[in-house]
Amino acid sequence: MTLTLNINGQDHPLDIDPDTPLLWALRDNLGLTGTKYGCGIGQCGACTVHIDGQAVRSCAMPVEACAAQRVTTIEALSPDRSHAIQRAWIEGQVPQCGYCQSGMIMAAVALLKENPKPSDADIDAAITNLCRCGTYPRVRAAIKAAAGIAA
Amino acid sequence: MGKMDLSRRGFLSLSAGTGFTLGFGVLPALGAAAPGFGPWIRIAPDGMVTALTNVSDIGQGTHTGLAQAVAEELAVPLTSVRMELAPVEKAFHNKSIGNYAVYGSIGLRTNLRPLRLAAAGARQMLAEAAAARFAVPVDQVVMRNGQALHAASGRSLDYKDLLADAAKLSPPAEPKLTPRTEWKVLGQPLLRQDIPGKVDGSTVYGIDVRLPGMLTAVVTHAPTFGGTLVSVDEAPALAVRGVRKVVRLARALAVVGDGYWPASKGLAALSPQWGPGPNAGIDSDGLSRQLRDAAMAGKGYSFPGSEMPGTNVTATAQAMAGAAHVVDTLFEVPFLAHATMEPMHCAIQLRADGAEIWLSTQTQSDTQAAVATVLGLDPAKVKVNATPVGGGFGRRLEHDFAVQAAHLIKALAADGVTVPVKMVWPRETDMRAGYYRPAVASRVRLALDANGMPMGMRCDNANPSLLEHTGLTISGGRPAGDWSVGMGIVQQSYAIPALHLTWTRVDPGVPVGFWRSVGASQNGLFLEVTIDQAARHVGVDPVDYRRRLLTGKDRALTFLNKLAAVAGWGRTLPPGHALGFAMGEANNAISGHVVELSIPEPGKFRLHRIWAAIDPGVVANPNAVEAQMMGGTIFGLSAALAGEITLKDGTVEQSNFDSYPLATLAQVPPMEVLVIGNNTAAGGVGEEGVPSIAPAIANALFALTGKPITRLPLTRAGWAMV
């Protein structure tokens with residue numbers, strides 16, 4: 001069936017099964033490979049995107065459930081890596097292998113949008129994405145830097 | 001770009017007017033152990049420098065560190081240098097390991113000095129060319145920022161305008177390296193070159209590769225190791241929209257579709273019948289008993305001194321017999337999965353005269369050879385495209401998944417499929433595919449004299465042999481004894497006058513392999529928990545006890561003192577708190593941890609703070625070294641807290657992150673990292689954070705309870721972190 005998804009501000013009519021997780025529509029149908037597959041069960045967060053501004057794990061979100069909504073992926077966070085979180089991530093040298101970082105960044109952006117000055121406990125609660133390289137201390141520091149909170 | 005010329009003198013080649021390339025294959029100073037670089041540095045007509053390397057950057061920032069070295073020696077800005085993986089060809093293999101791979105923290109250790117020499121040689125040749133143009137002695141030419149300067153006359157020339165002249169000169173026999181005191185780029189915490197592409201989704205990992213007309217294959221394996229596919233009704237998969245083929249492999253089943261989702265849906269629709277194979281009886285409880293019994297029996301292969309430095313069987317036996325006290329502990333640790341965030345995958349395309357693959361790998365040449373064998377090709381006909389890697393940790397030293405992709409494309413080709421295929425393992429397939437850190441039991445006996453000082457140590461190990469299972473080409477072949485059981489326990493600086501290690505091979509048929517820090521991942525616990533027990537027996541503070549064992553070992557003692565100082569060892573702690581200390585040596589680096597924890601209620605501990613320290617010798621980029629220590633610490637923490645792969649009826653019980661939990665951001669307490677660089681030989685950093693975090697926690701718990709931790713994960717020892 002044809003289904004129209006609004007991705008990064010553009011409508012994309014897709015001939016796709018409605019149960020297809022948004023992750024695979026992004027990666028395979030639209031070539032937006034910045035959003036990663038890690039677990040397929042909503043555990044790791046590597047596939048995190050924004051749906052109407054909320055952080056959502058796209059591997060567990062069927063496309064039929066987001067047809068009327070606005071999806072934003074890592075590719076559209078800024079045109080030039082200028083988002084405060086992206087700048088903090090570069091300045092703080094957060095990524096190692098980098099594979100989980102798209103999801104980590106999308107989760108962090110959603111957190112700051114909702115809570116511009118998060119406490120450590122707020123960060124603990126919001127950033128449940130898994131990183132095998134162990135970037136967590138720098139993730140925390142970069143979120144605080146982007147929020148203008150002294151470390 | 002200069003054409004690569006591997007034959008001509010090995011050092012320099014020129015393609016007229018297009019820049020030049022430098023290598024140092026003939027430099028006698030490098031000796032036989034140095035990597036056999038051919039033309040490793042190219043300078044383009046616009047002045048951009050491309051340096052080749054034969055070690056992948058799997059997330060450590062190795063390539064930026066190497067680029068800093070090239071920029072330093074060549075006297076150009078870091079932004080003018082880019083690193084590129086050398087072609088996967090024999091001439092570019094890493095001579096120090098005999099193939100093209102990255103493991104054992106060898107990245108900087110094998111590539112730093114050769115690249116510095118190549119860049120320094122290039123700088124000298126450019127300086128000579130400039131001196132000739134200025135008509136001044138070469139010692140009046142200063143090289144800076146991509147320019148040759150003559151201060152007295154105020155003249156300057158860009159490197160790019162000197163390339164043709166420099167290429168006509170002979171390379172210096174012994175290029176002069178920039179002394180450490182003059183480093184401006186190397187050793188600085190500069191921003192990593194790969195990070196911008198990792199914050200906007202533009203880095204293309206192997207799993208992201210898209211080729212024209214490409215199909216996606218999703219794979220599941222027989223539920224038991226060695227199990228076989230007996231039968232499958234393909235119809236339910238073929239009925240799924242977007243599914244093209246079902247492919248039966250020897251021990252696996254693949255569904256090929258237009259994308260991951262249709263293929264995965266097709267696979268889920270199938271009900272394959274599997275033959276159990278020879279290993280269907282494996283059960284973790286039974287295996288645990290077998291390992292422990294074998295370690296207690298201690299009748300395995302006895303390592304000679306030529307294989308385990310420090311071995312003295314007679315003196316160890318005498319020490320045991322004559323000891324005033326023997327600290328005698330039976331340890332056990334489980335299988336562990338690497339669980340890289342990017343699952344195993346391989347894209348493959350057959351060509352008229354060969355094949356091409358795209359994948360995240362740590363082992364380019366072994367992969368190339370194995371794929372070539374499956375396809376009946378000369379290895380040179382298999383083009384390997386090694387992409388940025390979504391985590392390695394040793395799992396990508398195996399090439400089982402690439403071999404599977406080769407079998408898959410062969411079967412598809414026989415079926416008339418000509419398009420490229422990207423094979424992807426779902427997380428569940430990846431988690432259950434083996435090559436785990438071996439499960440190990442080890443009885444460690446440390447004989448103490450009347451003063452509490454060690455007289456000798458005997459370690460009786462029982463575990464499957466990773467050297468037997470791994471697909472990695474091991475330099476020196478596969479010895480009778482698995483040397484990984486000595487990693488992190490031999491060649492330590494502690495004054496232990498005699499050693500005796502034995503190894504009993506207990507192999508249930510579960511593939512095992514290299515897991516970040518390898519044998520040190522378990523031996524760090526075994527040795528350091530033993531040392532703390534010895535200190536307690538003697539009634540000495542565990543750090544003071546280690547000071548006694550490190551008398552005269554300046555580098556290790558300095559390290560210990562700096563780590564103890566930064567953690568405030570010996571200070572008054574809040575009631576109920578304790579510190580735990582552990583350290584270790586590997587890869588010409590020393591690393592260690594101190595943790596502060598408390599026990600709010602029985603069986604539960606709270607980790608308040610972690611101090612980590614590393615002395616890797618040369619610190620190419622302190623910021624990247626700090627990141628590696630943090631990352632290694634958290635990798636080791638995941639294993640210590642709850643990491644284990646268990647089997648029941650031959651089947652791995654874990655399948656995804658819900659059953660194989662990783663440490664989370666919320667679980668990681670504040671961490672400080674001390675980076676010490678105190679000599680000039682580059683050591684490892686990638687593996688060094690792993691071994692000592694578990695024993696530091698264990699030793700803090702020991703300090704509070706008096707009961708040594710002898711088993712991991714801590715959940716198996718009755719402890720949960722809260």
Side-chain angles (χ1 to χ4, degrees), chain A residues 16-17 19-21 23-25 27-29 31-41 43-44 46 73-75 77-78 80-81 83 85-87 89-91 93-102 104-105 120-121 123-125 127-140, chain B residues 58-61 191-192 194-205 207-208 210 216 241-242 258-262 264-265 338-343 388-393 424 426-427 623-624 627-628 630-635 637-638 656-658 662-666 668 670-671 689:
Chain A
I16 191 171
D17 279 354
D19 66 348
T20 305
L23 169 67
W24 298 110
R27 288 179 59 81
D28 287 347
N29 296 74
L32 293 169
T33 55
T35 304
K36 304 302 186 196
Y37 166 71
C39 70
I41 57 169
Q43 278 274 327
C44 78
T73 70
I74 184 77
E75 287 90 349
L77 201 51
S78 72
D80 51 4
R81 304 173 185 133
H83 189 285
I85 281 284
Q86 287 172 311
R87 283 184 301 159
W89 244 243
I90 293 173
E91 191 56 36
Q93 295 284 285
V94 176
Q96 290 186 30
C97 91
Y99 190 80
C100 73
Q101 297 293 326
S102 297
M104 201 69 89
I105 287 169
D120 276 315
I123 295 172
D124 285 349
I127 308 298
T128 55
N129 303 46
L130 297 178
C131 170
R132 188 58 163 152
C133 294
T135 60
Y136 302 134
R138 289 191 176 182
V139 166
R140 186 189 298 279
Chain B
I58 56 174
Q60 287 92 336
L191 299 186
R192 271 171 54 173
D194 58 320
I195 283 182
K198 293 175 174 176
V199 304
D200 66 1
S202 61
T203 295
V204 176
Y205 298 83
I207 204 170
D208 301 329
R210 291 160 59 83
T216 301
R241 185 177 168 226
D258 294 339
Y260 182 94
W261 181 247
S264 139
K265 217 170 142 182
H338 304 77
T340 61
M341 291 309 294
E342 179 192 31
V389 177
F393 316 121
V424 178
R427 173 61 58 194
N623 195 310
Q628 283 309 296
M630 285 179 173
T633 302
I634 294 168
F635 199 86
L637 185 64
S638 287
N656 207 320
F657 295 123
D658 50 354
L662 304 181
T664 62
L665 179 142
V668 175
M671 194 188 311

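A, B, ... follow the sequence lines: proteins, then strands. Residue 1 opens every chain.
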Exercise. Which region of B:M671, side chain (C-beta onward) or backbone (N, CA, C, O), has a non-hydrogen atom less than 4.5 Å from a non-hydrogen atom of chain A, or is it both or neither?
Worked result: side chain

Exercise. So do the side chains of B:N623 and A:R138 get within less than 4.5 Å of each other, counting heavy atoms only?
Worked result: yes

Problem set entry | Toward chain B, the part of A:I105 with a non-hydrogen atom under 4.5 Å | side chain

Exercise. Are any of the side-chain heavy atoms of B:M341 and A:C44 separated by less than 4.5 Å?
Worked result: yes

Exercise. Among B:A627, B:G391, B:G390, who wins on heavy-atom pairs under 4.5 Å with chain A?
Worked result: B:A627

Exercise. Is it the backbone or the side chain of B:D258 that comes under 4.5 Å from a heavy atom of chain A, or both, or neither?
Worked result: neither

For this session: Name the option with the most non-hydrogen atom pairs under 4.5 Å to chain B; the candidates are A:I127, A:I16, A:D17, A:L77.
Result: A:D17

Exercise. Heavy-atom distance under 4.5 Å to chain B: side chain of A:L32, backbone, both or neither?
Worked result: neither

Exercise. Quick one: what part of A:R81 sits under 4.5 Å from any heavy atom of chain B, side chain, backbone, both or neither?
Worked result: side chain

For this session: Measure from the side-chain N and O atoms of A:D28 to the backbone N and O of B:Y260, and report whether any donor-acceptor pair falls under 3.5 Å.
Result: yes

For this session: Kindly compute the distance separating CD (B:E342) from CD1 (B:I58), expressed to the nearest 0.5 Å.
Result: 11.5 Å

Exercise. Do the side chains of B:R241 and B:P262 get nearer than 4.5 Å, heavy atoms only?
Worked result: no

Problem set entry | Residue B:R210 versus chain A: region with a heavy atom under 4.5 Å | side chain

Exercise. What are the two closest non-hydrogen atoms of B:P343 and B:I207, and how far apart are they?
Worked result: CD-CD1, 3.9 Å

Exercise. So, does B:Y205 use its side chain to make a donor-acceptor pair with the main chain of A:C97 at under 3.5 Å?
Worked result: yes

For this session: Verify, without hydrogens or angle tests, whether A:Y37 (side chain) and B:R427 (backbone) share a donor-acceptor contact under 3.5 angstrom.
Result: yes

Exercise. Given a strict heavy-atom distance threshold of 4.5 Å, which part of A:D19 is in contact with chain B: side chain, backbone, both, or neither?
Worked result: both

Exercise. Do you know which two heavy atoms are closest between A:G98 and A:P95, and how far apart they sit?
Worked result: CA-CB, 4.1 Å

For this session: Could you look at A:E75 and say if it's the side chain, the backbone, both or neither that has a heavy atom under 4.5 Å from chain B?
Result: both

Problem set entry | Part of B:L637 within contact of chain A (heavy atom distance under 4.5 Å) | neither

Seminar exercise, completed: Cut-off 4.5 Å, heavy atoms of chain A, and the answer for B:S638 is side chain

For this session: Let me know if A:T128 has heavy atoms under 4.5 Å from chain B in its side chain, its backbone, both or neither.
Result: neither

For this session: Measure from NZ or CZ of A:R132 to the centre of the six-membered ring of B:F635, then state whether that distance is under 6.0 Å and the direction lies within 45° of the axis.
Result: yes

Exercise. Of the listed residues (A:S102, A:G31, A:C131), which shares the most heavy-atom pairs with chain B below a 4.5 Å separation?
Worked result: A:G31

Problem set entry | Donor-acceptor contact present, side-chain B:H338 to main-chain B:T340, <3.5 Å | no

Exercise. Do A:R27 and A:K36 touch side chain to side chain, with heavy atoms closer than 4.5 Å?
Worked result: yes

For this session: Select one option (side chain, backbone, both, neither) describing which atoms of B:Q60 are under 4.5 Å from chain A's heavy atoms.
Result: neither

Exercise. So what's closer than 4.5 Å to chain A heavy atoms on B:V389: side chain, backbone, both or neither?
Worked result: backbone

Exercise. Hey, which of A:Q101, A:Q93, A:R140 is the one that makes side chain to side chain donor-acceptor pair (under 3.5 Å) with A:T135?
Worked result: A:Q101

Exercise. Pick from A:L130, A:V139, A:L23, A:T35: which one has the most heavy-atom pairs with chain B under 4.5 Å?
Worked result: A:L130

For this session: Could you look at B:T203 and say if it's the side chain, the backbone, both or neither that has a heavy atom under 4.5 Å from chain A?
Result: backbone

Exercise. Side chain, backbone, both or neither: which part of B:P426 has an atom under 4.5 Å from a heavy atom of chain A?
Worked result: both

Exercise. Relative to chain B, which of A:T73, A:V94, A:I41, A:I123 shows the most heavy atom pairs under 4.5 Å?
Worked result: A:I41

Seminar exercise, completed: In terms of heavy-atom pairs under 4.5 Å with chain A, the winner among B:V668, B:L662, B:I634, B:N656 is B:N656

